[in-house]
*Asks:* 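My questions all concern the structure below.
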Amino acid sequence: MPGGPRGLQNRCRFPIPGTEVGSIPILSALVNCGLAITDCGLQNVTMTTQELKNRTFEFGVRVISAVEALPKTETARILGRQLLRAGTSVGANYRAAARARSQADFISKLGVVEEECDESAYWMEVIVARKLLRRAQLKELLAEANELLAITVASIKTARRRHGRKQ
């Protein structure tokens with residue numbers, strides 16, 4: 001992968017405050033938090049727990065910026081609140097998973113991360129469908145939600161396989 005994971009930059013419509021170019025690394029391959037991924041058909045790349053914590057945190061910050069860009073209507077306020085809740089909980093729940101007390105607890109907590117990533121994508125799709133923001137404004141953020149979802153699903157599968165071998 002040219003330039004490694006940190007070399008690939010996503011041009012972000014909703015920049016992260018305090019970053020020089022307002023972007024976060026986006027990987028062209030599926031990665032996870034150090035667990036091997038073999039069933040996804042994509043190139044295996046390893047991401048540390050801290051790197052995924054940072055990535056999910058930055059996703060939450062970008063979600064906040066997207067919600068702040070919504071029009072000031074009742075519908076936008078309600079949909080924005082839903083997106084805000086789901087999008088910011090991705091990182092919080094991943095942090096909880098990283099501190100899991102057992103493999104079963106880890107798998108369970110990653111399941112919550114999976115649900116929140118998918119819900120975030122859903123609310124972004126509704127916002128675009130209602131034309132509250134243009135598709136181009138949410139394109140990269142929606143792609144990141146889907147990448148985080150794929151990473152989480154692959155990590156759950158790998159953790160389940162490992163957990164099954166230990167029993």
*Asks:* Which heavy atom of D105 sits nearest to which heavy atom of A100, and what is that distance?
*Replies:* OD2-CA, 3.5 Å
*Asks:* Take atom CZ in R81; do more than 12 heavy atoms of anything else shown fall under 6.0 Å from it?
*Replies:* no
*Asks:* Taking atom NZ as the centre, does K139 end up with more than 12 heavy-atom neighbours from other residues, nucleotides or ligands that are less than 6.0 angstrom away?
*Replies:* no
*Asks:* Check whether any side-chain heavy atom of L52 lies under 4.5 Å from a side-chain heavy atom of L148, and answer yes or no.
*Replies:* yes
*Asks:* Got a sec, which hydrophobics cluster with I78, joining ILVMFWY side chains under 4.5 Å apart, including via others?
*Replies:* none
*Asks:* List the atom of A66, the atom of L138, and the distance in Å for their closest heavy-atom pair.
*Replies:* CB-CD2, 4.0 Å
*Asks:* Near K131 NZ, under 6.0 Å, is it more than 12 heavy atoms from other residues, nucleotides or ligands?
*Replies:* no
*Asks:* State, yes or no, whether a side-chain contact exists between T49 and Y94 at a heavy-atom distance under 4.5 Å.
*Replies:* yes
*Asks:* Please tabulate, for the side chains in residues 108-118, all donor-acceptor contacts under 3.5 angstrom to protein atoms that are two or more places apart in sequence or on a different chain.
*Replies:*
from	atom 1	to	atom 2	distance (Å)
E116	OE1	R85	NH1	3.4
E116	OE1	S89	OG	3.1

*Asks:* Kindly give the cluster partners of L149, where membership spreads through any ILVMFWY side chain lying under 4.5 Å from a current member.
*Replies:* V153
*Asks:* Rounded to the nearest 0.5 Å, what separation is found between the CD atom of E147 and the CD atom of E140?
*Replies:* 11.0 Å
*Asks:* With side chains defined as the heavy atoms from C-beta onward, is the minimum distance between L79 and L70 less than 4.5 Å?
*Replies:* no
*Asks:* Mind listing the closest non-hydrogen atom pair of S120 and A86 along with its distance?
*Replies:* OG-C, 3.3 Å
*Asks:* Assess whether a salt bridge exists between R55 and E58, defined as any Lys/Arg side-chain N lying under 4.0 Å from an Asp/Glu carboxylate O.
*Replies:* no
*Asks:* Pair E144, R62 - check side chain to side chain contact (heavy atoms under 4.5 Å, CB included), show working.
*Replies:* CA-CA 10 Å; E144 178 70 348; R62 290 174 59 197; 4.1 Å; yes
